[in-house]
Amino acid sequence: MRPTYRSRKGVPITTSPSVSVLERPSSQMSYLDKFLIESSNRQRGSVESEEGDVEDNRAPSIASSKSNLSELSIDPTSPHGLDLHNKPPHMAPHLPPKPKSHQFLVRTFSSPTKCSHCTSLMVGLTRQGVVCEVCGFACHIGCCEKVPVICPVPSDQTKRPLGIDPTRGIGTAYEGYVKVPKTGGVKKGWVRQFVVVCDFKLFLYDISPDRNALPSVYVSQVLDMRDEEFAVSSVRDSDVIHATKKDIPCIFRITTSLMEPPGLKNHTLMLADTESEKTKWVVALSELHRILKRNNLPNRTIFRAKELLDNTLALIKNAMSGAIVDPDRLVIGTEEGLFCLDLDRSEIARVGEGKKVYQLEYVVEEQLLVVLSGKQRHVRLIPVRALDGDDVEWIKVAETKGCITFATGIMRRSPQLGYCLCVAIKRQNTSQVIIYEVTRTKTRHKRLREVMLPTQAQTLNILTEGRLCVGYQSGFSIYSIMGDQHPLSLVHPDNQLLGFLTYSAVDAMRAIELSRGEFLLVFQTLGVYVDAQGRKSRDREIMYPAIPQAVSFCDGHLLVYSETHVDVFNCASGEWVQTINVKKAKPLNSTGTLSMCIINDMPHIVYLSNIHQRELINVTQCDGSGRPVPRPRRRFSLREGHRAARATDRRSKMISAPTNFNHISHMGPGDGIQIQRLLDLPTTVETADQSLASPQQLQGSQQQRLFHPPRMAHPLPRHPSHSEQRRVSSHVQRTSYTGHNGSATSRRSAAPPRPAVTPPSLPRSPDAPSGDPETSGSHHHPPLSLGSVPSLHEACKDQGVGGGSPRHSIASNNSSNPSTPPSPGHDHGSSSYDS
């Protein structure tokens, strides 16, 4: 396999159909031959670049910097950084042709460019590196201090082997052109891309349709070889059913992890120009992966994507915000309104009105949800008990119409913990920030003060010591929440970066407070470190490989969301530690733990779990021995009304207690008869005549029957069978009344009056006196024979009795249709209660 080279114009040239190479003598060994032989002997130091002479880097560096003359030079106090702008114009032409030291200026490159010192790509959207204005030597800002001082660099110090340093994992190993499937899959066709294997990552760059166009500086996809699931292989016909037969031998596949659970993997297909080129790619990547494993480079995985909700739940495709209430409950804000999802019960319930919810935060200590919703973009406060179905009125914060964004946080820690709500409101050409204190009063908020900004606020962050950081275009400022300190700009006028930020007018995305008074300011194009006075504290800057759509901050890491992946940076060190290959992802909360993404062209809500921290959501399901088992695909049911109380015994989550008794026409023995306030059906004409009693007498008898279970004081009018005796005795033994049926607050409506018409099919008791029906009913009415209930019910129904069976007129707590007739197949199905 041949190593890579770059021409003087910066355009990769090839000696094979697709693999680009740099200009150097053909007598030199190829990368794999030389690197594999010498890698075992190299124990320390960087594998430096062998990229021709310095002329190879001059043209692209200077050409790409012509449009960036407004950028400032590197720190002039550096021994290698001399600022040409400070010299008089008449002295510039008299510079010696070969000065003793380099003159580095920060530059922005318009196409992928490698560092001439370490051979790694200079990744980023702007200010990726520095260029010597005299010899054209281009390198990282961090590498310029390691470059030989002599300008130009002697040729014997530039002829170094091309490859990756296995001990540090830096350097470019291979590059070339391939084709990848278009959006929609192989059947839509292929698109050409430029691939660079650098720092044990694969960088894929889009190429303009123009024939001689350079690759874009924005990375379209990043595949990390440190991924636990990384693999490269050829494909079979069944793997690419839409590919043409002549293309299949030239296709190879790269696999990385995607989502666990349920164990989905990310597969990237690549089409080489010839089958031999495909073999070179597979061999090169396999050898590099073997070297990676052999050198035991540390695993830098921080987050793992886990599936929470898939496309079977239609509302998630319009999800805009979210919050974690507890390990089993989520709150999702959508274009249709606010929804509470119970993962344990697989229930979903609408909360409040159907207003579009743009932003959502949950203040745990205050048990309060803060939402930005509605066409007028008002901030509203919702007590968390509203999630249980309670009829709770949303508290509108009246002065927040036209809210841009809001933030919640701790405003003081003593004498007692206090929280604040800061709301940025749009005004004409300006903006206003109103600061509220979260209280325990009826309105739950109290206005403290307001801050007027001369520009539009773009982001708000609550810092420690009662400070508020407001981000706006090209800058950040810190304000005291209580108003006892003067505002402080985090971009000092002496900061070299200020000119660039002002000239570029970049958007502010987030400010992150670090230790020792340091801040990381996250802008649309890069992230910079500053001290408490706004001066630049580090030369290192955070460079995004692709255009960020959103950012979040979680557990000391910055998550940058782009169109095709999520990049994770360690804020303390500034290192790029991980890439998560979820497409079109966006955070639903400020930490990014809940994120919306597209997987296999379907919307999903995923939980980004920190593998080094405890789980915030119960995603996995365990069996009785505590071992994780695959969770079945969730099917959510719509919950209406109050949320049922949780059972104390939660050993079995698969089998739940019965909740709807609407289908039951026969109640078995037990406490259920008393609790349901059922009425004894008449068995004779005399007992049926009791229906003529007054409603007050009827109500009193019902209450007496409810609190005093019937006793077997009188003999039955006939001799029951053996089975009936067993049922009756069981009924007598189980009439002890506990007062609840699985719920401490069970409410029942009053039972309807007895039917006024006596069914003609009821038998007349032969020994009952005819003169006093009330007396006979009270002295000779036995407890109802349970075996006769179905036939009596059918008799009442056949005769068209207006009252019907009282058992079916009692509404169920969870019944959506109380008038539904009982199912004949379940007459004796559910007669036991969880007591």
Side-chain angles (χ1 to χ4, degrees), residues 18 174 176-197 200-206 219-273 275 277-290 292-293 301 303-307 310-311 545-546 562-567 578-585 595 597-604 606 608 630 633:
S18 67
Y174 200 64
Y177 290 92
V178 299
K179 294 180 180 178
V180 298
K182 292 182 179 179
T183 303
V186 176
K187 60 183 178 181
K188 298 292 185 179
W190 301 80
V191 60
R192 194 170 181 83
Q193 287 192 335
F194 180 59
V195 183
V196 180
V197 183
F200 287 119
K201 295 184 179 73
L202 278 77
F203 294 84
L204 281 71
Y205 294 92
D206 290 328
V219 178
S220 67
Q221 193 172 358
V222 179
L223 303 175
D224 197 342
M225 299 182 72
R226 290 184 174 89
D227 191 285
E228 298 174 352
E229 302 291 339
F230 180 87
V232 56
S233 62
S234 301
V235 298
R236 298 169 297 183
D237 294 359
S238 58
D239 298 328
V240 283
I241 57 176
H242 295 290
T244 59
K245 192 171 183 179
K246 67 180 181 62
D247 287 342
I248 293 178
C250 305
I251 299 175
F252 61 100
R253 178 175 60 189
I254 296 176
T255 302
T256 55
S257 62
L258 181 59
M259 196 162 56
E260 180 68 34
L264 293 179
K265 297 181 180 180
N266 178 56
H267 301 287
T268 304
L269 297 176
M270 296 186 182
L271 172 64
D273 289 346
E275 186 174 357
E277 293 303 323
K278 184 262 294 190
T279 304
K280 290 180 182 179
W281 278 106
V282 173
V283 171
L285 296 176
S286 300
E287 290 296 332
L288 285 172
H289 192 243
R290 183 180 63 84
L292 171 66
K293 293 294 186 182
T301 300
F303 296 96
R304 182 170 290 121
K306 298 184 177 183
E307 182 185 64
D310 58 15
N311 60 294
S562 63
E563 187 73 14
T564 57
H565 54 272
V566 179
D567 297 301
Q578 186 185 0
T579 297
I580 306 173
N581 294 112
V582 289
K583 293 179 171 57
K584 297 184 179 180
S595 296
C597 66
I598 302 296
I599 297 176
N600 296 330
D601 298 328
M602 295 294 180
H604 287 69
V606 298
L608 295 184
R633 196 170 189 179

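- Every residue was checked against the ring pair (Phe, Tyr, Trp, His ring centres under 6.0 Å) condition with Phe200, not counting sequence neighbours, and none meets it.
- If you take NZ on Lys188 and NE2 on His242, they are separated by 10.5 Å, rounding to the nearest 0.5 Å.
- For Lys201, there are no side chain to side chain donor-acceptor pair (under 3.5 Å) partners, not counting sequence neighbours.
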- Task: Begin with the C-alpha distance, continue with both residues' side-chain angles, and end with the deciding distance and a verdict on side chain to side chain contact (heavy atoms under 4.5 Å, CB included) for His289 and Phe230.
- Result: CA-CA 8 Å; His289 192 243; Phe230 180 87; 3.4 Å; yes
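- The shortest distance between side-chain heavy atoms of Trp281 and Val195 falls below 4.5 Å.
- Of the listed residues (Val219, Thr579, Ile580), just one forms a side-chain contact (heavy atoms from CB on, under 4.5 Å) with Asp567, and that residue is Thr579.
- No donor-acceptor distance shorter than 3.5 angstrom exists from the side chain of Asn600 to the backbone of Met602, with no hydrogens or angles considered.
- Taking both residues in full, the closest heavy atoms of Asp247 and Thr244 are given as OD2-OG1, 2.8 Å, listed atom of the first, atom of the second, then distance.
- Inter-residue side-chain proximity for Ser234 and Ile251 is flagged as unmet; no heavy-atom pair is nearer than 4.5 Å.
- Side-chain atoms of Glu260 never come within 3.5 Å of backbone atoms of Arg304 as a donor-acceptor pair (strictly under, hydrogens ignored).
- Contact check for Lys583 versus Asn266: side-chain heavy atoms found under the 4.5 Å cut-off.
- Rounding to the nearest 0.5 angstrom, the gap separating the CG atom in Asp224 from the CZ atom in Phe203 is 8.5 Å.
- In terms of the side chain to side chain donor-acceptor pair (under 3.5 Å) criterion, residue partners of Ser220 (sequence neighbours excluded) are, by chain and number, Gln193.
- The shortest non-hydrogen separation linking Leu285 to Phe252 is CD1-CE1, 4.4 Å.
- The closest side-chain heavy-atom distance from Asp273 to Arg192 is below 4.5 Å.
- Residue Ile599 holds its CD1 atom at 4.5 Å from CG of Leu258, rounded to the nearest 0.5 Å.
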Using distance only, find each side-chain donor-acceptor pair of residues 180-187 under 3.5 Å and give its atom names and separation, not counting sequence neighbours.
none

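- The neighbour count for Lys584 NZ, taken as heavy atoms of other residues, nucleotides or ligands under 6.0 Å away, does not exceed 12.
- Ser257 and Asp227 are linked by a side-chain donor-acceptor pair at a separation below 3.5 angstrom, with hydrogens and angles left out of the test.
- Looking at residues two or more places apart in sequence or on another chain, you find a side chain to side chain donor-acceptor pair (under 3.5 Å) between Gln221 and Thr268.
- Partners of Glu563 according to the side chain to side chain donor-acceptor pair (under 3.5 Å) rule, which considers only residues two or more places apart in sequence or in another chain, do not exist here.
- Between the side chain of Asn581 and the backbone N or O of Val222 there is at least one donor-acceptor pair closer than 3.5 Å.
- Atom SG in Cys597 sits 7.0 Å away from atom NE2 in His604 (nearest 0.5 Å).
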- Could you go through the side chain to side chain contact (heavy atoms under 4.5 Å, CB included) check for Ile254 and Met270 one step at a time? CA-CA 8 Å; Ile254 296 176; Met270 296 186 182; 3.7 Å; yes
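- Residue Leu608 holds its CG atom at 11.0 Å from NZ of Lys306, rounded to the nearest 0.5 Å.
- With a 6.0 Å radius and a threshold of 12 heavy atoms from other residues, nucleotides or ligands, Lys179 has its NZ atom at or below the threshold.
- Taking NZ from Lys265 and CZ from Arg253, the interatomic distance works out to 9.5 Å, rounded to the nearest 0.5 Å.
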- Query: Between Glu229 and Thr256, does a side chain to side chain contact (heavy atoms under 4.5 Å, CB included) hold up when you go through it step by step?
  - Reply: CA-CA 5 Å; Glu229 302 291 339; Thr256 55; 5.6 Å; no
- Item | CA sep, side-chain torsions, deciding dist, call: Leu204, Phe194, side chain to side chain contact (heavy atoms under 4.5 Å, CB included) | CA-CA 6 Å; Leu204 281 71; Phe194 180 59; over 6 Å; no
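- In terms of heavy-atom proximity, Asp310 sits nearest to Glu307 at CB-OE2, 3.6 Å.
- Of all non-hydrogen atoms in Pro249 and Lys278, the two that sit nearest each other are O-CE, 2.7 Å.
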